[in-house]
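Here's the structure we're looking at; comments come further down.
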Amino acid sequence: DLAEEKIKENRYVLFTGLGCILSGLLNRLSQHEVDTSRLYTVDMICHGPTLPQIQERFIADLEQRFGVKVISFNTRNKKRGCGLPSIRAEFANGKVYSKPLYETDFGFALKYYCRNSCYNCSFKGADHPADITVGDCWGLRPGMKEYNKYGASVLFYRNEKGESLIKALKGRDFHLASIDASFAAKHNPMFSESAKKPSFYETFKKDLEEKGLHYAVVNSKGRKIYIKAARKNRLLRLLRKK
C-alpha cells in the first residue's frame, strides 16, 4: 500500500477518499502497528457511488450511438452552475456530447442505484473517520456572502489535525469563511444519512444485467420519477435563463 509505504519512509501523507475506503486504510495501518502521526485524512460527504459498470455501459452506449470513441468523460460539468450539473463527453473526433446530468440514464442510475452497502452506511455524522470531511455547501443563496454560482465547498474538521490543515489554507489561493455547522449539515443530509433504497432496486438490477442500462431506466418502476426529474430540470434551466 502506497500510503503505508510513504508513512514508513517518515513522509507526511494526505489521504483523501470515501469514508469506507479510509476506514479500510486505518484498519490496515492499525493491524500493522504503523505510526499515523504524520498521516492526515480527508473523507467526502457521500450519497453512495453507483456501480462502475453503469459508467462503462453509458459510455459504450454513447460510442455505439455516435460511432466514435469517448476520450474524456465528466459527470459534473458546471457550465450551467453548480445546481444543474451536466455530463460532458468528448469524442476522439473533437465533437462533444453535453446534457444535464439528471436528464440522462447515467444520472438516473447515479441518483437511485448505489452499492447495496451504501443504503446502510456506517460512516455518517459523528462516525466520519477523517480529520476533515468535505462536501458541497448546499443551502447558500444569492446575496449570502458565501454564495458562488459555480458552487462552494464545506469543510468540517473533527480534531486538531483537521483544524491545523484548514488554518494552513489561510493566505493561500482559497477563500475561507466560517459557517454555522448545523446549517451546513442540515442542507447536506448525506453528511448524516444514508441514501434510501428504492422499491424498484432489484428489478432495475435484473434489467440492467439482462437488457442494458437504457432499458433498465425507462422500464423500471422508477420511470415516473425519471420523467418528473427531467421535467423539473428543464424547468429550472428555463427559469434561470429568464
Side-chain angles (χ1 to χ4, degrees), residues 3 13-27 39-52 54-55 74-78 80-87 100-102 106-141 144-170 174-198 201 229 233 236:
V13 173
L14 174 65
F15 184 90
T16 303
L18 301 181
C20 51
I21 297 172
L22 174 57
S23 178
L25 171 66
L26 295 176
N27 286 336
L39 172 66
Y40 291 79
T41 58
V42 178
D43 72 346
M44 292 171 278
I45 298 175
C46 179
H47 171 273
T50 193
L51 301 184
I54 296 290
Q55 180 169 314
N74 181 356
T75 64
R76 297 287 179 178
N77 185 273
K78 295 182 179 180
R80 298 178 176 88
C82 66
L84 295 170
S86 296
I87 279 181
L101 173 61
Y102 294 112
F106 180 86
F108 178 90
L110 182 67
K111 191 169 186 177
Y112 298 108
Y113 188 69
C114 304
R115 298 172 185 272
N116 228 332
S117 58
C118 296
Y119 298 112
N120 188 27
C121 179
S122 300
F123 310 102
K124 297 290 185 179
D127 294 321
H128 280 275
D131 302 319
I132 293 176
T133 295
V134 302
D136 293 310
C137 194
W138 299 119
L140 299 178
R141 297 289 182 266
M144 299 175 71
K145 66 177 182 178
E146 300 88 357
Y147 176 78
N148 185 309
K149 174 184 177 181
Y150 296 104
S153 298
V154 63
L155 296 85
F156 296 95
Y157 67 85
R158 58 190 295 268
N159 54 33
E160 291 183 2
K161 273 188 176 180
E163 185 178 14
S164 70
L165 282 179
I166 292 176
K167 285 182 176 179
L169 295 177
K170 292 182 178 179
F174 290 87
H175 173 69
L176 296 177
S178 297
I179 191 169
D180 183 75
S182 59
F183 173 89
K186 175 184 176 182
H187 287 90
N188 197 328
M190 291 298 102
F191 174 77
S192 55
E193 299 174 13
S194 296
K196 301 295 187 293
K197 189 173 185 178
Y201 183 87
N233 231 41
L236 284 173

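Worth saying up front: this structure is predicted, and the values here are computed from it rather than measured.
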**Prompt:** To the nearest 0.5 Å, how far apart are CG in L39 and CG in L26?
**Reply:** 6.5 Å
**Prompt:** Can you check whether C121's main-chain N or O pairs, donor with acceptor, with S194's side chain at less than 3.5 Å?
**Reply:** yes
**Asked** So which heavy atom on R158 is nearest to which on P129, and how close?
**Response** NH1-O, 3.5 Å
**Asked** Does the side chain of L14 come within less than 4.5 Å of L165's, by heavy atoms?
**Response** yes
**Asked** Listed by chain and number, what are the salt bridge (Lys or Arg N to Asp or Glu O under 4.0 Å) partners of K161, not counting sequence neighbours?
**Response** none
**Request:** May I ask you to decide if M44's main-chain N or O and T133's side chain share a donor-acceptor pair within less than 3.5 Å?
**Result:** no
**Request:** Compare all side-chain heavy atoms of L101 with those of P85 and state whether any distance is below 4.5 angstrom.
**Result:** yes
**Request:** Check the pair N74 / I87 against side-chain contact (heavy atoms from CB on, under 4.5 Å), numbers first and verdict last.
**Result:** CA-CA 6 Å; N74 181 356; I87 279 181; over 6 Å; no
**Message:** Using only atom types and a distance under 3.5 Å, with no angle test, would you say the side chain of R115 pairs donor to acceptor with the backbone of G48?
**Reply:** no
**Asked** Yes or no on side-chain contact (heavy atoms from CB on, under 4.5 Å) for L22 and F15, after CA distance, side-chain angles and deciding distance?
**Response** CA-CA 8 Å; L22 174 57; F15 184 90; 3.8 Å; yes
**Message:** Looking at every heavy atom in both I54 and Y113, which two are closest together, and how far apart are they?
**Reply:** CD1-CD2, 4.1 Å
**Prompt:** Where does the angle between the aromatic ring planes of Y119 and Y201 fall among parallel (under 30°), tilted (30 to 60°) and perpendicular (over 60°)?
**Reply:** perpendicular
**Message:** To check you understand the geometry: which heavy-atom pair defines the closest contact between A109 and T50, and what is its length?
**Reply:** O-OG1, 3.6 Å
**Asked** For residues K197 and N120, is any side-chain donor paired with an opposing acceptor at under 3.5 Å?
**Response** no
**Item:** Side chain H128, main chain F191, donor-acceptor under 3.5 Å
**Value:** yes
**Sequence-distant partners of K170, salt bridge (Lys or Arg N to Asp or Glu O under 4.0 Å), two or more places apart** = none
**Message:** Rounded at 0.5 Å granularity, tell me how far OH in Y157 sits from OG in S164.
**Reply:** 10.5 Å
**Prompt:** So is K111 actually on top of Y102's ring, under 6.0 Å and inside 45° of the axis?
**Reply:** yes
**Asked** Just wondering, more than 12 heavy atoms not from K196 lying within 6.0 Å of its NZ?
**Response** yes
**Message:** Side chains of D131 and T41 only: does a donor on one sit below 3.5 Å from an acceptor on the other?
**Reply:** yes
**Asked** Does some side-chain heavy atom of C114 sit less than 4.5 Å from a side-chain heavy atom of H47?
**Response** yes
**Verdict with reasoning, F156 to I45, per side-chain contact (heavy atoms from CB on, under 4.5 Å)** = CA-CA 10 Å; F156 296 95; I45 298 175; 4.1 Å; yes
Side-chain polar contacts of residues 175-190 - donor-acceptor pairs under 3.5 angstrom, sequence neighbours left out - could you list them?
unit_1 : atom_1 : unit_2 : atom_2 : d
D180   : OD2    : S182   : N      : 3.2
D180   : OD2    : S182   : OG     : 2.1
D180   : OD2    : F183   : N      : 3.0
H187   : ND1    : F183   : O      : 3.0
N188   : ND2    : D136   : O      : 2.9

**Item:** Separation of L25 CG from D43 CG (nearest 0.5 Å)
**Value:** 12.0 Å
**Message:** Using 0.5 Å steps for rounding, measure from the CZ atom of F174 to the OG atom of S153.
**Reply:** 9.5 Å
**Asked** Once you round to the nearest 0.5 Å, how far does CD of Q55 lie from OG1 of T75?
**Response** 7.0 Å
